[in-house]
Amino acid sequence: MSSMARRGAPGGHLCWSYDDPEALADQTERHFAASLAAGERFWYVTPRPSDLTAERLRALPGFTDAERRGAAAVVPLMSTYSPDHVVDPAAQVAAYATATDEALAAGHTGLRVVAEATELVRTPAQLDVFTRYEHLIDRYMRTGPFKAMCAYHRPKLGDRTVTELACMHPQSNVDDLLFRLYAVAPEDGHAALAGELDMSNHELFRTALDRADLHPVGGELVLSAANLRFLDHRALSLLAEYAHRRGATAVLRTPRSATARLVGLLQLPAIRVEVTP
C-alpha cells in the first residue's frame, strides 16, 4: 500500500479506521479543504450532529461561508441512510447519485462525503449488507463525480470488522490489510484484486467475492490483477469455484506469467489468464 493510501489522501474511495476522534476530525478537515479547492459540494455525515468533528468544522470560517453558499453541510446520518440502520445497497447508491446530480446542477464539480458509519455495521447482518453497499458505491464512483471517506471507529467494531470493510475499498489506512477487492471502470472489467492472497485470508477472500456479487457479461468475469503481488493455489481454486457458480469464466488479467502456468498445472477450466504488459 502506498504511503498516500496509508495517510488517507483526499479523494477517491477511502476506508478510514480511527481510534481517536481527533484523528477523524483532522482527516475530515483535510477532505473539506480538498473539496473546496476542487469546487465540490461537501457533506459530513454523522450520527451525532454535535460531535467533535462537526464542532471543529463549524469553527472554520471557510465552512460557515460554504454552508451559506450550499457548498457544505453537516448531515444527520438518518437523513441519508435507512432509519432502521440496515442499508438497502441499491437505494443508497441511487440516493447518492441523485445528491451528486443535484450538486452538479447547483454548479459544483461533484459531491464529496465523509461518513462516520460505525453505527451502521454493529451487527453481522448490518455488516454483510453494508459491505455489499460499499462495493456498489465504489462502482458508481468509477463513472460519477462522487468521492467518499468511510470512517469506522476501531475500538467499537474490532479489527476483524474493520478488515472486512477495508478490503472492499481501493484505499485504506489499515496497515496490516493484505488484499483488496474493489471496482474498476466498466471498460476495464468487473473488479480489481490487489495485495496478496494466501492461507491467512482465504475465508476473507471468499466473503469479499460473495459480497461484491459480480455479474458475468458474455459469460465472463473480468478481474484486473495488475496490483496483485501473490496468490496461492487455494485462492485460485476459490476464484474458480466462484466463477463456476455463476456459470462464467473468470478472466484474470495479470503481468505475471507464473499465474498462467499455475492455472494450467491446477487444471482450472473456469479461469483464463491473460498476461498483460
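In what follows, residues are counted from 1 in the order of the sequence shown.
- No side-chain donor-acceptor contact under 3.5 Å links Glu29 to the backbone of Asp26.
- Scanning for side chain to side chain contact (heavy atoms under 4.5 Å, CB included) contacts around Arg261 gives Ser257, Ala258, with sequence neighbours left out.
- Looking at Tyr242, its side chain does come within 3.5 Å of a backbone N or O of Leu209 through a donor-acceptor pair.
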Could you tabulate the donor-acceptor pairs under 3.5 Å formed by side-chain atoms of residues 181-197, not counting sequence neighbours?
from, atom 1, to, atom 2, distance (Å)
His190, ND1, Val222, N, 2.9
His190, NE2, His215, O, 2.9
Glu196, OE2, Arg229, NE, 3.4

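- A donor-acceptor contact shorter than 3.5 Å is absent between the side chain of Glu274 and the backbone of Thr276.
- Residues that satisfy the side chain to side chain contact (heavy atoms under 4.5 Å, CB included) test with Ala66, not counting sequence neighbours, are Phe32, Leu36, Arg69, Ala71, Ala72.
- A donor-acceptor pair is defined here as one N or O able to donate and one able to accept, closer than 3.5 Å; such a pair exists between the side chain of Thr109 and the backbone of Ala38.
- Here salt bridge (Lys or Arg N to Asp or Glu O under 4.0 Å) pairs that include residues 120-133, with residues two or more places apart or in two chains, are Glu119-Arg122, Asp128-Arg132, Asp128-Arg211.
- When the side chain to side chain contact (heavy atoms under 4.5 Å, CB included) test is applied to Pro155, the partners found at least two apart in sequence or on another chain are Asp19, His153.
- Salt-bridge annotation for Arg245 and Asp210: present, with a side-chain N of the basic residue lying under 4.0 Å from a carboxylate O of the acidic one.
- Remark: the backbone N or O of Pro170 is paired with a side-chain donor or acceptor of Arg180 at under 3.5 angstrom.
- Residues meeting the side chain to side chain contact (heavy atoms under 4.5 Å, CB included) test with Ala166, sequence neighbours left out: Cys15, Ser172, Val174, Leu177.
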